[in-house]
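Heads up: the structure comes next, in structure tokens.
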Amino acid sequence: MSSSENPQNQVISFTIDGQPVQARPGWTILETARHYRIHIPTLCFHPALKPWGSCRLCVVEARYGKRGKVMPSCLNPPIEELEVFTDSERVLNVRRWVLEMLLAGCPASREIKKLAAAYGVTSTRFAVTDPEEECLRCGRCVAVCNEVVGVQALTFGSRGVKKVLETPYRVPNNACIGCGCCVSVCPTGALQKRLDTVRGDLSRRTGHGYAH
Ligand code: FES
């Protein structure tokens, strides 16, 4: 069978905002949109990491026949003849709601405030528990430490609204090599302040883990 006959190598034709596009096998809607330079806002997505779908900012409306659904574009692959809309009224409503939740979750983040303002969201109806919070718990830092650096120096404690970024057992740990990857992928800058806590006492380091 030639590669063009192999279904696994066939491109998927669909539309984004009325524009005909083609996805390579394995591409998500977001990856296809980026390939065609069609903007979809994202926060938790990073091309070097497995998509996790935690922020929901990348929602799009996907219509197939009479059915339509709002879904995160970073997680979902397209199908033939799908119609995707990146800024329909339905999408904008969900995105504004997501931004209100994010404003409540990390009210001190300038990045989130800027993003929210771009969608006309300047306040939130949800309860703010910590006015100083900048971390949106998107999971990029945990994922880069785990998937790319491979040391698992970070984790999430608790669940739902109580979810909090921490080190395993909540103590500065030997696993952290101080590479700073977590800081560089953080979309809100929240980790810069926390880095010293995570790394522990740098004067005790040899350059790779703690000195003995
Ligand atoms: S970027 Fe898709 S859910 Fe966060």
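First listed ligand is number 1; within each ligand, the first listed atom is number 1. Model, not experiment: these values are computed from the prediction. Numbering starts at 1 and runs along the sequence shown.
Counting atoms of ligand 1 from 1 in the listed order, those under 4.0 Å from a heavy atom of C74 are 1 (S), 2 (Fe), 3 (S). Less than 4.0 angstrom separates some heavy atom of F45 from each of these atoms of ligand 1: 1 (S). Within ligand 1, the atoms closer than 4.0 Å to a non-hydrogen atom of R56 are 3 (S), 4 (Fe), numbered from 1 in the order shown. Atom numbering of ligand 1 starts at 1 in the shown order; those under 4.0 Å from a heavy atom of C58 are 1 (S), 2 (Fe), 3 (S).
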S13 and Q22: side chain to side chain donor-acceptor pair (under 3.5 Å), yes or no, with the steps?
CA-CA 4 Å; S13 301; Q22 291 190 318; 3.2 Å; yes
Would you sort out whether L82 and I29 count as a side-chain contact (heavy atoms from CB on, under 4.5 Å), showing the intermediate values?
CA-CA 10 Å; L82 190 70; I29 293 170; 4.1 Å; yes
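With respect to E89 and R96, a salt bridge is recorded, a charged nitrogen being found less than 4.0 Å from a carboxylate O.
Taking backbone and side chain together, C55 holds an N, O or S atom under 2.8 Å from atom 4 (Fe) of ligand 1. Among the backbone and side-chain atoms of C44, no N/O/S atom is found under 2.8 Å from atom 2 (Fe) of ligand 1.
Judged by distance alone, with hydrogens and angles left aside, the side-chain atoms of R140 form no donor-acceptor pair with the main-chain N or O of C186 at under 3.5 Å.
Relative orientation of the W97 and F126 rings is perpendicular, given thresholds of 30° and 60° on the angle between their planes.
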